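Report on the structure given below.
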Amino acid sequence: MPQVDLFSGLKHKQFILFLNGGRQCIQLSAQRSHVPFEEKEIPAENNIKKVEIRLNNNVVALATGENLKLAKANAFTCALEKLQNECYTIKQNPDRQTIKIEKNNNKAVCEVIKSEVDAASIDKKLDDNNKGFRMMKMMGWSGGGLGSKKQGREDPVEYLFKSNRSGLGKEDCKMDKQYFKNILRNYVESDDIRELQFEPTFTKEERALLHEIAKNFNLKSSSYGQGEQRRLIITKKTITDNQILHEVLINKNTRFLDRYLVQVPKCKSHIFPDHTETLTL
């Protein structure tokens, strides 16, 4: 493909809509894109509430409602529809792969699961029902490992995390700070962009240690779940929205195609016809 200026001719320039955060997604996307955002009530007659949404001081949507809450909801709906026609939209693939790490008999065991599906009920191999898989096939992937040397594993359960002292999961590994540090260092130094999901089999103290190490490696870490269901997710936070567009649309990077879905603005649909499907929150 010839060199393409992804943002030429776009009304909102380099604003990118990232579908995450519910009704806050436009405001959060503006922050990510460093574009001024404003949502405000404006005067209206007959006890009707009116709200407008602006990006970079340009009116994106104007809507009314019987009350302020309804007016804001209507304005958001209008703005979302308009922005998806005029801007790039990104959404995390709900069927994206996640690396699940759990502790079993004081050994760490890895496998790859679909991120938002119960691990006990999924088929862990990719299939034609996965939109990311279909897109990867359309972009020329014919199976086998990912990467320029096909170093990735076709069977996701075989993904390896090796430490400097011994292989992950070996019986002589001691689960101490150095052990976890080696795991996260390998993750940082790889080109893998999948999330690491540490299961509830890790103790509260071990999760706290992983939080600390992740911070030192400039990784994003967050816990969710209650009590015995508490899990820790670690991800790379250096991936920008511009990088996602470039890797998906231009480089057709299979790792990014698995993790992100992209919808292009209408004026770019003739250039990227495989990315015109409307994404939803």
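Predicted model only: the values in this text are computed from it and were never measured. As a basis for the values below, the full set of heavy atoms in this structure was taken, side chains included, without hydrogen atoms, waters or symmetry mates.
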Looking only at non-hydrogen atoms, find the nearest pair between [X] and [Y] and report the distance.
X      : Y      : result
Pro200 : Glu228 : CB-O, 2.9 Å
Phe18  : Ser29  : N-OG, 2.8 Å
Gln84  : Thr278 : NE2-CG2, 4.3 Å
Ile16  : Ser33  : N-OG, 3.1 Å
Ala214 : Ser221 : CB-CB, 4.0 Å
Lys103 : Thr201 : N-OG1, 2.9 Å

Stepwise, does the salt bridge (Lys or Arg N to Asp or Glu O under 4.0 Å) test hold for Glu41 with Lys49?
CA-CA 7 Å; Glu41 181 183 1; Lys49 299 296 183 180; 3.5 Å; yes
Find the distance between [atom1] ([X]) and [atom2] ([Y]) and round it off to the nearest 0.5 Å.
X      : Y      : atom1 : atom2 : answer
Leu281 : Leu80  : CG    : CG    : 5.5 Å
Lys268 : Cys87  : NZ    : SG    : 12.0 Å
Leu232 : Ser223 : CG    : OG    : 4.5 Å
Lys72  : Thr77  : NZ    : OG1   : 14.0 Å
Ile193 : Ile239 : CD1   : CD1   : 4.5 Å
Leu62  : Glu52  : CG    : CD    : 6.0 Å

Given 3.5 Å as the limit, does a donor-acceptor pair link the side chain of Asn104 with the main chain of Lys107, or not?
no
Within the distance-only criterion (no hydrogens, no angle test), does the side chain of Asn93 pair as donor or acceptor with the backbone N or O of Asp95 below 3.5 angstrom?
yes
For residues Phe7 and Tyr88, establish whether the separation of their ring centroids is below 6.0 Å.
yes
Joint cluster assignment, Ile90 & Val248, ILVMFWY side-chain distance < 4.5 Å
yes
Would you check if [X] and [Y] make a side-chain contact, meaning some heavy-atom pair closer than 4.5 Å?
X      : Y      : answer
Arg231 : Phe202 : no
Thr276 : Val264 : yes
Leu245 : Val262 : yes
Phe15  : Leu83  : yes
Tyr187 : Leu219 : yes
Glu38  : Ile53  : no
Gln97  : Lys114 : no
Arg207 : Phe198 : no

Name of the residue among Arg259, Gln197, Glu111, Glu195 meeting side-chain hydrogen bond (donor to acceptor under 3.5 Å, both in side chains) with Thr98
Glu195
Going by salt bridge (charged side-chain N to carboxylate O under 4.0 Å, His left out), name the residues that satisfy it together with Arg230, two or more places apart in sequence or in a different chain.
none
Salt bridge (Lys or Arg N to Asp or Glu O under 4.0 Å) assessment of Asp192 paired with Arg255:
CA-CA 7 Å; Asp192 200 327; Arg255 290 184 176 86; 5.5 Å; no
So with a 6.0 Å cut-off around [atom1] of [X], is the heavy-atom count from everything else above 12?
X     : atom1 : result
Asp5  : CG    : yes
Glu81 : CD    : no
Lys91 : NZ    : yes

In sequence, state the C-alpha distance, the side-chain angles, and the governing distance for His246 and Asn251, and then conclude on side-chain contact (heavy atoms from CB on, under 4.5 Å).
CA-CA 6 Å; His246 190 83; Asn251 291 342; 3.5 Å; yes
Can you find a side-chain donor-acceptor pair between His275 and Gln263 that sits under 3.5 Å?
no
Derivation of the side-chain hydrogen bond (donor to acceptor under 3.5 Å, both in side chains) call for Asn182 and Gln178:
CA-CA 6 Å; Asn182 285 332; Gln178 186 61 42; 3.1 Å; yes
Flag this pair as yes if the NZ/CZ of Arg96 is under 6.0 angstrom from the six-membered ring centre of Tyr260 and inside a 45 degree cone about the axis; otherwise no.
no
Name all pairs fulfilling the salt bridge (Lys or Arg N to Asp or Glu O under 4.0 Å) condition that reach into residues 208-221, sequence neighbours left out, sorted by first residue then second.
Lys177-Glu212
